[in-house]
Student: 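If you scroll down you'll find the structure; I have some questions about it.
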Amino acid sequence: MLSALSRPSLKHLLRSCSDAQALVQIHALMLVTGSLYYPHSSGHLISAYARIGDLAAAHSVFRTASNPNISTWNALIIAHSRRGSLDQVLRLYRLLVSQGRPRPDSSTFTVTLKACAQSFDLRSGQEVIAHASDLGYSHDVFVCSSVLNMYAKCGKMDDAMRVFDEMPKKDIVSWTTMITGFVNAGNPVEAIEVYRKMQAEGVEGDGIVMVGLLQACAAFGDMGIGQSVHGHMLRHHIETDVVVETSLVDMYAKNGFLETAHIAFEKMSSKNVVSWSALISGYTQNGFASDALWMLIKMQEFGLCPDSVALVSAILACSHIGFLKLGKSIHGFIMRRFDFDHILGTAVIDMYSKCGSLLSARELFDRVCSRDLISWNTMIASYGVHGHGKEALSTFLEMSKTELKPDHATFASLLSAFSHSGLVEDGRHWFNLMRQEYRFDPSDKHYVCMVDLLARAGHVEEACELIQSMPDEPGVAVWVALLSGCHNHKKLELGQYAAGKVLELCPDDSGIYSLVSNVFAMAKNWDKVVEVRRRMKNMGTRKVPGYSLVEVGGKLHAFRMEDRSHPQYERIMDLLKRLDFEMRKLGYKPKTEFVFHDLDEDVKERMLGNHSEKLAIAFGLLTTSPGTRIVIIKNLRICGDCHDAIKCISEIVNREIVSTLEFFLNRIISPLHDRVYSIPSNH
């Protein structure tokens, strides 16, 4: 019988056994024949019991083993590691060390360090590293890889780099660990640098390396490297799977190469929810809201249920174009399918606010249980966008009673709320309080808010003095805020100075150049107007036509100035003529100074009367029932004439009219007239 249970055959028998009853019989046979007392038999038996999930039996074998050797200890430690019992791994390791014998080996240290990495237990990991070094394992390739992995998982990339540089031999796993470690630590530049070193040493990357590298390129925006990696994968026929291909889509989408991202997406052999979400998120982040929403619908047509990433992106897309009906539909879908966490909750609150339904935003905010700082900041910002500065301050004070502490974003939202509400004294007070009591050094965005607040209120000289007091060079947004105030209040001398500062910073936003040109035109400085327009032409920048959107019956209707293409154009113009007559009775007079062209006054008045915003409002009045709120989304800032006109129209028709700025200012949204979006109820 003993010859039938030789050590090789016993090892094979235990490894191949997957039946609990058969394993018990083998165990009994090993006891009877004495083969259980072979040097490694207990370890093999423990591993066999662990494989079928019977850890109690594995522990029983361990306890009955006389003087268990290191392979027996390792078998039990590995069993707990595979089960995910990280605390037990560390407990067994410390028990082994405390007994003094047997000595841990490479496998012991490797598995224990893996447990430290998975539990982010840096202190225990350093304890294990010190012991391994004492026993001479500091250059063991497996131990070094585990040390590397632990430091990378814990974000200690300086320590990881030191270990990596000292490693006598670096395998593909080590290179991969360093690349993904730098990516996860938010250091994509270093990840790319490691890849370059890897290439220089002639090491060929696999799919896992490519995923880490593509993630680095997506985060850093280095499309030269990204496209090089993609080309390398194609030339060397590197085997790809859905994870690698999704990383490609994500990299191209995040960096604005949406056409390439879509091509890569279409070429995928199989697509999962993450693949769709990457493309939807890319469209939203780059301002193509309608395309994001269309992809959400297509995703469901393919039988996939959107995940939280896709839904957050879709909610943001609805926010950007004011598509309240679809936003509500997605909100309902989330409530039916997901736990309404603070991330989803904050996105939906933001959507309701940006779509003009501030009351719904507040009601939802009050119902969200786990409100984090971002949720509070969003609610404060929501009040600000709607010009309710006092309510924004009240919300800030309400948050102050909780355990949460305001951050830079909180004060930026609060100061912005004061700016939109004209609360100059409150703004001055809280800006000073932020510095003196809360000990926050103002960042560029805080200065933008304060300059905007002062300049909007006509205090352009004070705003300029604040800019001059900034410790760092002001960014373009600060000067644009001053420029806008000078434009609105006709402070042309200071306005031209601000315009010159803006031009020095060479912005790439055509809307900013339009504002600069308008200020010079208002000052009759035609030479500068020509210079600005020449610069725009040389840069390939063209003025983006202003457009306004209004949602009626689940459709978004887009209008441009003097746009005659809408099927109800005649009815719209007839209503605007009647409204113009009533508005003039209230003292309204078109502000033709906001038309920066050398035209006759009657032509300027006609252009203002055909403004995209007025066309959208008239259509909304014609096609909605009395009392319905009308929300207008525009891609360019409202002109002074439309601001006054909307007030008059609102008073005449006794309707609430909300006009809000579309989030991505200079994107032309794809035609939406023939698309109606809804979330199918059967998904």
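Please read these numbers as outputs of a predicted model, since none were measured by experiment.
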Student: Evaluate the criterion side-chain contact (heavy atoms from CB on, under 4.5 Å) for residue pair Ser650 and Glu656; output intermediate values, then yes/no.
Tutor: CA-CA 6 Å; Ser650 181; Glu656 182 185 0; 5.7 Å; no
Student: Decide yes or no on side-chain contact (heavy atoms from CB on, under 4.5 Å) for Phe182 and Val189, but give the supporting numbers first.
Tutor: CA-CA 8 Å; Phe182 276 123; Val189 178; over 6 Å; no
Student: Shortest non-hydrogen contact from Gly475 to Leu505?
Tutor: C-CD1, 3.8 Å
Student: Around atom CD of Glu473, are there more than 12 heavy atoms of other residues, nucleotides or ligands at under 6.0 Å?
Tutor: no
Student: Between Asn286, Leu279, Ile280, which is the residue that forms a side chain to side chain contact (heavy atoms under 4.5 Å, CB included) with Tyr283?
Tutor: Leu279
Student: Under a 4.5 Å cut-off applied to non-hydrogen side-chain atoms, are Ser360 and Lys328 in contact?
Tutor: no
Student: Check the surroundings of atom CD1 in Ile374: do more than 12 heavy atoms from other residues, nucleotides or ligands lie under 6.0 Å from it?
Tutor: no
Student: What are the two closest heavy atoms between Ile630 and Val550, and how far apart are they?
Tutor: CG2-CG2, 4.1 Å
Student: For Thr346 and Thr378, does a side-chain donor sit closer than 3.5 Å to a side-chain acceptor?
Tutor: no
Student: Is it true that Asn377 and Ser413 share a donor-acceptor pair across their side chains at a distance under 3.5 Å?
Tutor: no
Student: May I ask you to test the Cys318-Ile330 pair for a side-chain heavy-atom distance under 4.5 Å?
Tutor: yes
Student: Are Thr410 and Trp376 side-chain neighbours, meaning at least one heavy-atom pair lies under 4.5 Å?
Tutor: no
Student: Of all the heavy-atom pairs spanning Gly356 and His386, show the shortest one and how long it is.
Tutor: CA-CE1, 3.7 Å
Student: Could you walk me through whether His331 and Tyr352 pass the ring-ring contact (aromatic ring centres under 6.0 Å, His included) check?
Tutor: CA-CA 10 Å; His331 180 194; Tyr352 277 120; 5.6 Å; yes
Student: Run the numbers on Tyr195 and Ser228 for side-chain contact (heavy atoms from CB on, under 4.5 Å), then give the verdict.
Tutor: CA-CA 12 Å; Tyr195 173 68; Ser228 173; 5.8 Å; no
Student: Do the side chain of Asn518 and the main chain of Ser514 share a donor and acceptor less than 3.5 angstrom apart?
Tutor: yes
Student: Would Ser353 and Asp350 count as having a side-chain donor-acceptor pair, cut-off 3.5 Å?
Tutor: no
Student: Taking all atoms of both residues into account, what is the closest heavy-atom pair of Val242 and Ser270, and its distance?
Tutor: CG2-O, 3.5 Å
Student: Between Thr284 and Ser313, is there a donor-acceptor pair closer than 3.5 Å when you use the side chain of the first and the backbone of the second?
Tutor: yes
Student: Could you tell me whether the side chain of His557 reaches within less than 4.5 Å of the side chain of Phe559, counting heavy atoms only?
Tutor: yes
Student: Would you mind checking if Lys298 and Glu301 are paired as a salt bridge, meaning a charged N to carboxylate O distance below 4.0 Å?
Tutor: yes
Student: Please assess Asp444 against Met470 for the test side-chain contact (heavy atoms from CB on, under 4.5 Å), listing each intermediate value before the final yes or no.
Tutor: CA-CA 9 Å; Asp444 206 55; Met470 290 175 64; 3.5 Å; yes
Student: Is there a donor-acceptor pair closer than 3.5 Å between any side-chain N or O of Asn255 and the backbone N or O of Met251?
Tutor: yes
Student: Between Thr240 and Glu245, does the side chain to side chain donor-acceptor pair (under 3.5 Å) criterion hold? Intermediate values first, please.
Tutor: CA-CA 7 Å; Thr240 61; Glu245 291 168 350; 3.2 Å; yes
Student: Which distance, rounded to the nearest 0.5 Å, do you find between the CG of Leu344 and the OG of Ser308?
Tutor: 5.5 Å
Student: Using the six-membered ring wherever Trp is involved, compare the ring planes of His408 and His446 and label them parallel, tilted or perpendicular (cut-offs 30° and 60°).
Tutor: tilted
Student: State, to 0.1 Å, how close Pro474 and Trp479 come at their nearest heavy-atom pair, and which atoms those are.
Tutor: CB-NE1, 3.6 Å
Student: Would you check if the side chain of Asp241 reaches a backbone N or O of Val244 as a donor-acceptor pair within less than 3.5 Å?
Tutor: yes
Student: With no hydrogens and no angle check, do the side chains of Ser247 and Asp250 hold a donor and an acceptor under 3.5 Å apart?
Tutor: no
Student: Rounded to the nearest 0.5 Å, what separates atom OG in Ser548 from atom CZ in Phe619?
Tutor: 13.5 Å
Student: Nearest 0.5 Å, what's the CZ-CG distance between Arg337 and Asp307?
Tutor: 13.5 Å
Student: I'd like to know if the side chain of Ser421 and the backbone of Gly387 have a donor-acceptor N/O pair within less than 3.5 Å.
Tutor: yes
Student: Look at the side chain of Ser484 and the backbone N and O of Val480, then say whether any donor-acceptor pair between them is shorter than 3.5 Å.
Tutor: no
Student: On the 0 to 90° scale, with breaks at 30° and 60°, tag the Trp276-Phe265 ring pair as parallel, tilted or perpendicular.
Tutor: perpendicular
Student: Aromatic rings Tyr447 and Phe431: how do their planes relate, parallel, tilted or perpendicular, breaks at 30° and 60°?
Tutor: perpendicular
Student: Counting C-beta onward and ignoring hydrogens, is there a side-chain heavy-atom pair between Val312 and Ile343 closer than 4.5 Å?
Tutor: yes
Student: Side chains of Arg655 and Thr624: does their closest heavy-atom pair fall under 4.5 Å?
Tutor: yes
Student: Counting N and O atoms only, with roles assigned by atom type, does the side chain of Tyr252 sit under 3.5 Å from a partner on the main chain of Ile263, one being a donor and the other an acceptor?
Tutor: no
Student: His420 side chain to Ser416 main-chain N or O, any donor-acceptor pair under 3.5 Å?
Tutor: yes
Student: Report yes or no: does Thr395 contribute a side-chain atom to a donor-acceptor pair with the main-chain N or O of Glu391 at less than 3.5 Å?
Tutor: yes
Student: Would you tell me whether Arg362 and Ser382 have side-chain atoms, one donor and one acceptor, within less than 3.5 Å of each other?
Tutor: no
Student: Taking the side chain as C-beta and beyond, is there a heavy-atom pair between Gln300 and Leu304 under 4.5 Å?
Tutor: no
Student: Can you tell me how far apart CZ (Phe418) and CG (Asp452) are? Round to the nearest 0.5 Å.
Tutor: 14.0 Å
Student: Determine, step by step, whether Arg534 and Glu531 satisfy the salt bridge (charged side-chain N to carboxylate O under 4.0 Å, His left out) criterion, reporting the C-alpha distance in whole Å, the side-chain angles of both residues, the deciding distance to 0.1 Å, and the verdict.
Tutor: CA-CA 5 Å; Arg534 185 183 297 119; Glu531 179 188 327; over 6 Å; no
Student: Enter the distance from Met379:CE to Leu364:CG here, rounded to the nearest 0.5 Å.
Tutor: 9.5 Å
Student: Tell me the closest heavy-atom pair linking Ala216 and Ile192, and the distance in Å.
Tutor: CB-CG1, 4.1 Å
Student: Roughly how far, to the nearest 0.5 Å, is the CE atom of Met299 from the CE atom of Met295?
Tutor: 9.5 Å
Student: Heavy atoms, side chains only, cut-off 4.5 Å: are Pro306 and Leu296 in contact?
Tutor: yes
Student: Hey, does the side chain of Asn187 reach the backbone of Glu190 with a donor-acceptor pair shorter than 3.5 angstrom?
Tutor: no
Student: Using the six-membered ring of Phe365, assess whether NZ or CZ of Arg371 lies under 6.0 Å from its centre and within 45 degrees of the ring axis.
Tutor: yes
Student: For the residue pair Phe440 and Phe411, does the interplanar ring angle fall in the parallel (under 30°), tilted (30 to 60°) or perpendicular (over 60°) class?
Tutor: perpendicular
